Amino acid sequence: MAAYSQHSLSTGWSFKDSEDASAEAWLPVPVVPSVVHQDLQANDKLKNPYVGFNELDARWVNDKSWSYRNVFQKPSVPDGSSVVLAFDGLDTFATVKLDGKVILESNNMFLAHRVDVTKALEAEGDHVLEIDFDCAMLRARKLKEQDPKHNWASFNGDPARMAVRKAQYHWGWDWGPLLNTAGIWREVRLEVYSARVEDLWTELKLASNHESAQISAFAQFEGVDSDSSYNVTFTLSLDGQEVAREVTQPKDRYADVTFDVKQPSLWWPNGYGDPTLYDISVSLEKGQDEVHRASKKIGIRTAEVIQRPDKHGKSFFFRINGVDVFCGGSCWIPADNLLPSISAERYRKWIELMVAGRQVMIRVWGGGCYEDDSFYQACDELGVLVWQDFMFGCGNYPTWPDLLESVEQEAFYNVRRLRHHPSIVIWVGNNEDYQVQEQAGLVYNYEDKNPENWLKTDFPARYIYEKLLPSVVEKLTPSIFYHPGSPWGDGKTTSDPTVGDMHQWNVWHGTQEKYQIFDTLGGRFNSEFGMEAFPHLSTIDYFVENEKDKYPQSHVLDFHNKADGHERRIATYLVENLRTATDLETYIYLTQVVQAETMMFGYRGWRRQWGDERHCGGALLWQLNDCWPTISWAIVDYFLRPKPAFYAVARVLNPIAVGVRREHHDWSVTHAQPPKTSKFELWIASNLQKEVSGKVELRFLSVNSGLEVRESIVHDNVKIVPNGTTNIADGVIDHTEYPEPHVLAARLWVDGSVTARDVDWPQPFKYLDLSDRGLEVTKGSGSATEQTLKITTKKPVKCLVFEERDGVRVSDSAMDIVPGDEQVVTIKGLGENDAPLKYKFLGQ
């Protein structure tokens, strides 16, 4: 009985334009997985589409069909073994031929395929594998033309994209280029075996007191007949130590066992405990021989979405292992337009950044892809919760029978592939498709519960989101919550703040509200909101080739910002709040200040609402990352360089955070007439699970002199409410008595050390004189791997930002500094002989 073996087909490929019949048309492919844009660049047939206007020069690639070929030798095949050709992902319309015979036709990028080629490979010698990738752009348009009765309402990209099961952002989005890829985008290999483990999964029951857990492990086999000559060994391990082992025999290609685990180590989200992972493995044996083994890492945890009536409407928040978790985090788009270029290391660096930023949840957005296993492994290992959309975005999708069948296969494959990951705590049907339904006036009768009726309306995709997808989730991973769409709230309008989740775009888009009132615009769970900012100058240097183009409104900079109306919106928020600049470096910084302030105002207020009967269950900013070097809503750019907003969010998500704010005074409505009085509030937000005591101080410091303008407020022995909000004080500032502009500077001590700060500033910043601050940044103690900087000031400083240098990490940035409060920043990765980091602050 021969053991299972794999033979990678990652090398030996060549490719060509399908229409070019000449022998010299074939060009070498360095390695697969790849897509055609990568392979053309490797052969100097395409300039880097991320630089300058090169994206336009790459558009011809989108309109072509491409052929790939590999000549390989038949592997050694022991008697009684089969050979399977396995494709983990083909992008997208693929016809696969082996020695000239069609063996597979695929039209769904999100599916894997397995083809038994045992008979086809009986002959010794060379075998030729060919894959023809038909042009997805042209196929999509043909499919759309075939159904003129369907209402093709959508946001972003060519509406024809909805006819094709392919990453929707490949048609261009309001943050990304139009690069419509084709190719072998995931691994391809030959597998030789007589029998194998086809699937391994678990179902968990955790006792309410967490003292014990029951793990039921299941395995499904291929090539295992009904005889009793096979044994199956299940093993559960923790940190390399075996916890339990059970031996059984397969029956009808299945086997299962149950482990009772005493005192289990639980999987916790980042900031709430260790994300402990157990190893579950299954070995298929015949006699003394191991035929095949499969292993997965699992976490013991419970995950619930709590929706219950309350004074605000109906709650929407996550409860992990019985603990309510405020889900501060981000939305995720694919980290590259050329997906195979994202390494496991790069995925992990993204998730490590989230953890460094104290973020607890990432939302995999529905216009990209079901991500690579290494993405979810990083989330598992680092304790980041995953909100997983299905891949439908911003459109009214058709529901032809063959498309529904493909979608069902896609859902089944991906839910089955990913269901063991403890990080995934919710599956969601789509991104903004119910918003498209509302805006296009499509029929949606929530009271009609007959799925067959939905298919006959002009919004047939409801069938996908409320019948097909939840059925798959219920069958494969019944313990995970399913939500029909994002945003969605029990059939109410998607903008209803009392129920479900919402996308709040009335800052930036929509009514373009002042960012200072962001917290008043939220709902029960704010799963999208954002503000654009430029990336750092080093990133702009990468894609702007000519020095003469390095000014804020250059054509190439505008070209690298795909957001509709971005010129007006950036200008609006800058001119309302800041003294504007024309030199690029200062302009970049000012956009980053606005983004950081916007995120702070949103997160700070919504986190405070967590303590009010879970009024706000979480906030996921749009967006964490970029898919190319660009100007966008990302708080970390394509090269993993954090923008100031990254640090602003991290501070608000401190385990214990202090907050202070004065009431908003709309200076634009009152023609800049200053208020006579201002109310202010002081509070503490905590996600700790126990009560702690602290000391809170609030000082009132002149912006102009740095001196105290009135007596400070101090509260000793404050009992800080666990996992909630502690309101400390409120009051009124009389501006006739204290006319000088001043900041409200709050500090919180716990166990004798400062654990949190917050500074509230007079708005808008453009009215303040922020020159001549008396800031001092001095080098403190350090080592070969870590340096410290001590920061003091004579007058309040706004948004002190340190240079972002690759390979160097600062512990804090985008900081507010006030007199009498020395702050220390640690720097890792800076060599002793390296130039010190540059820094800037508002009004410098």
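The structure presented is a predicted model; accordingly, all values stated were derived computationally and were not measured.
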For a quick test of reading the model, state the closest non-hydrogen atom pair linking Gln504 to Leu521 and the distance between them. NE2-O, 2.6 Å
Can you give me the closest heavy-atom contact between Ile720 and Ser686, atom names plus distance? CG2-CB, 3.8 Å
So, the side chain of Gln377 versus the backbone of Cys379: is there a donor-acceptor pair under 3.5 Å, distance only? no
Between Phe375 and Trp332, what is the ring plane arrangement, given parallel below 30°, perpendicular above 60°, and tilted in between? tilted
Shortest non-hydrogen pair, Thr726 vs Val721, comes out as OG1-N, 2.8 Å
Within a strict 4.5 Å, meaning less than it, do heavy atoms of the Asn321 and Trp268 side chains meet? yes
Should the pair Trp201 and Phe218 be assigned to parallel (<30°), tilted (30 to 60°) or perpendicular (>60°) ring geometry? parallel
Indicate yes or no: at least one non-hydrogen side-chain atom of Leu469 is less than 4.5 angstrom from one of Val473. no
Provide the closest heavy-atom pair for Arg301 versus Ile424 in the form atom of the first, atom of the second, distance. NH2-O, 3.1 Å
Should Phe259 and Thr235 count as side-chain neighbours, where that means a heavy-atom distance under 4.5 Å? no
Assign the ring pair Trp622 / Trp365 to parallel, tilted or perpendicular, where the plane angle (0 to 90°) is split at 30° and 60°. perpendicular
Does the pair Ile817 and Glu822 meet the rule for a side-chain contact (heavy atoms from CB on, under 4.5 Å), with working shown? CA-CA 8 Å; Ile817 314 293; Glu822 179 183 274; over 6 Å; no
Nearest 0.5 angstrom please: Thr477 OG1 to Arg416 CZ, how far? 13.5 Å
I'd like to know if the side chain of His503 pairs up with that of Glu432 as donor and acceptor (distance under 3.5 Å, no hydrogens or angles considered). yes
N-O pairing of Glu681 and Arg662 below 4.0 Å: no
Between Tyr347 and Glu371, do the side chains contain a donor N or O and an acceptor N or O under 3.5 Å apart? yes
To check you understand the geometry: which heavy-atom pair defines the closest contact between Pro269 and Val325, and what is its length? CG-CG2, 4.5 Å
Is a salt bridge present between Arg604 and Asp758, judged by a nitrogen-to-oxygen distance below 4.0 Å? yes
Would Arg417 and Asp373 satisfy salt bridge (charged side-chain N to carboxylate O under 4.0 Å, His left out), going step by step from the backbone distance to the final call? CA-CA 9 Å; Arg417 173 172 75 93; Asp373 290 326; 2.9 Å; yes
Do the side chains of Asp310 and Arg524 get close enough for a salt bridge, i.e. N-O under 4.0 angstrom? yes
Report the relative orientation of the aromatic rings in Trp387 and Phe316; use parallel for angles under 30°, tilted for 30 to 60°, perpendicular for over 60°. tilted
Side-chain donor or acceptor of Asn526 paired with backbone N/O of Gly523 under 3.5 Å: yes
dist Ser678:OG -> His664:NE2 (nearest 0.5 Å) comes out at 11.5 Å
Going by heavy atoms in the side chains, are Glu528 and Arg363 under 4.5 Å from each other? yes
Ile306 versus Arg308: any side-chain heavy-atom pair under 4.5 Å? yes
Go through it in stages, so that I can follow the logic: the residues are Asp821 and Arg699, the test is salt bridge (charged side-chain N to carboxylate O under 4.0 Å, His left out), and I'd like the CA-CA distance, side-chain angles, deciding distance and then a yes or no. CA-CA 11 Å; Asp821 184 16; Arg699 293 192 295 156; 5.4 Å; no
Just to verify, which of Asn727, Thr725, Asp519 counts as forming a side-chain hydrogen bond (donor to acceptor under 3.5 Å, both in side chains) with Arg608? Asn727
Do Ile298 and Leu277 make a side-chain contact, defined as non-hydrogen atoms from C-beta onward lying under 4.5 Å apart? no
Salt bridge flag under 4.0 Å for residues Glu697 and Arg747: yes
Could you tell me whether the side chain of Asn654 and the main chain of Ile656 form a donor-acceptor pair under 3.5 Å? yes
Dump the intermediate steps for side-chain contact (heavy atoms from CB on, under 4.5 Å) on Leu620 and Met361, then the final yes or no. CA-CA 7 Å; Leu620 307 178; Met361 175 176 272; 3.9 Å; yes
Do Gln388 and Tyr370 have a side chain donor and acceptor closer than 3.5 Å? no
In terms of ring plane angle, is the pair Phe601 and Tyr515 parallel, tilted or perpendicular, where the classes change at 30° and 60°? tilted
Using a strict threshold of under 4.0 Å (side-chain N to carboxylate O), is an ion pair present between Asp279 and Lys296? no
Mutual orientation of the aromatic rings belonging to Trp606 and Phe529 [parallel < 30°, tilted 30-60°, perpendicular > 60°]: perpendicular
Donor-acceptor contact present, side-chain Tyr482 to main-chain Tyr465, <3.5 Å: yes
Which is it for Ser265 and Leu238 under the side-chain contact (heavy atoms from CB on, under 4.5 Å) test, yes or no, and what are the steps along the way? CA-CA 9 Å; Ser265 295; Leu238 177 62; 4.0 Å; yes
If you measure from the Lys or Arg side-chain nitrogens to the Asp or Glu carboxylate oxygens, is any gap between Asp637 and Lys643 under 4.0 Å? no
Answer yes or no: is there a donor N or O on one side and an acceptor on the other, between the side chain of Asp380 and the main chain of Ser423, under 3.5 Å? yes
Side-chain donor or acceptor of Gln595 paired with backbone N/O of Ala634 under 3.5 Å: yes
Between Glu663 and Lys679 (side chain of the first, backbone of the second, donor and acceptor by atom type, cut-off under 3.5 Å), is there such a pair? yes
Are Lys262 and Glu211 close enough, and set up right, to give a side-chain contact (heavy atoms from CB on, under 4.5 Å), and what steps lead you there? CA-CA 6 Å; Lys262 302 297 181 191; Glu211 296 289 316; over 6 Å; no
Under a 4.0 Å threshold between the charged nitrogen and the carboxylate oxygen, would Glu381 count as salt-bridged to Lys297? no
Is a side-chain N or O of Ser295 found less than 3.5 angstrom from the main chain of Ser281, in a donor-acceptor match? no
Is the side chain of Gln359 donor-acceptor paired with the backbone N or O of Ser330 at a distance under 3.5 Å, no angle test? yes
is_close_aromatic(Phe525, Phe318), centroid dist under 6.0 Å: yes
Within 6.0 Å of CG in Asp751, more than 12 heavy atoms from elsewhere: no
Checking side-chain polar atoms at under 3.5 Å, does Ser527 have a donor or acceptor matched by the opposite partner on Ser486? yes
Do any N or O atoms from the side chain of Asn687 and from the backbone of Phe326 form a donor-acceptor pair under 3.5 angstrom? no
Check for me whether the distance between the ring centres of Tyr647 and Phe802 falls short of 6.0 Å. no
Could you check whether Thr276 and Asp274, counting side-chain N and O atoms only, form a donor-acceptor pair closer than 3.5 Å? no
Can you establish whether the number of heavy atoms outside Asp490 located under 6.0 Å from its atom CG is more than 12? yes
So Pro819 and Pro796, do their side chains get closer than 4.5 Å, heavy atoms only? yes
Give a yes or no on this: more than 12 heavy atoms of other residues, nucleotides or ligands lie within 6.0 Å of atom NZ of Lys311. yes
Could you tell me if the side chain of Thr302 sits less than 4.5 Å from the side chain of Ile320, heavy atoms only? no
Regarding Trp610 and Asn723, is there a side-chain donor-to-acceptor distance under 3.5 Å anywhere? yes
Report, as yes or no, whether the 6.0 Å neighbourhood of atom CD on Glu345 holds more than 12 heavy atoms from other residues, nucleotides or ligands. no
Any Lys/Arg nitrogen of Lys798 or Asp816 sitting under 4.0 Å from an Asp/Glu carboxylate oxygen of the other? yes
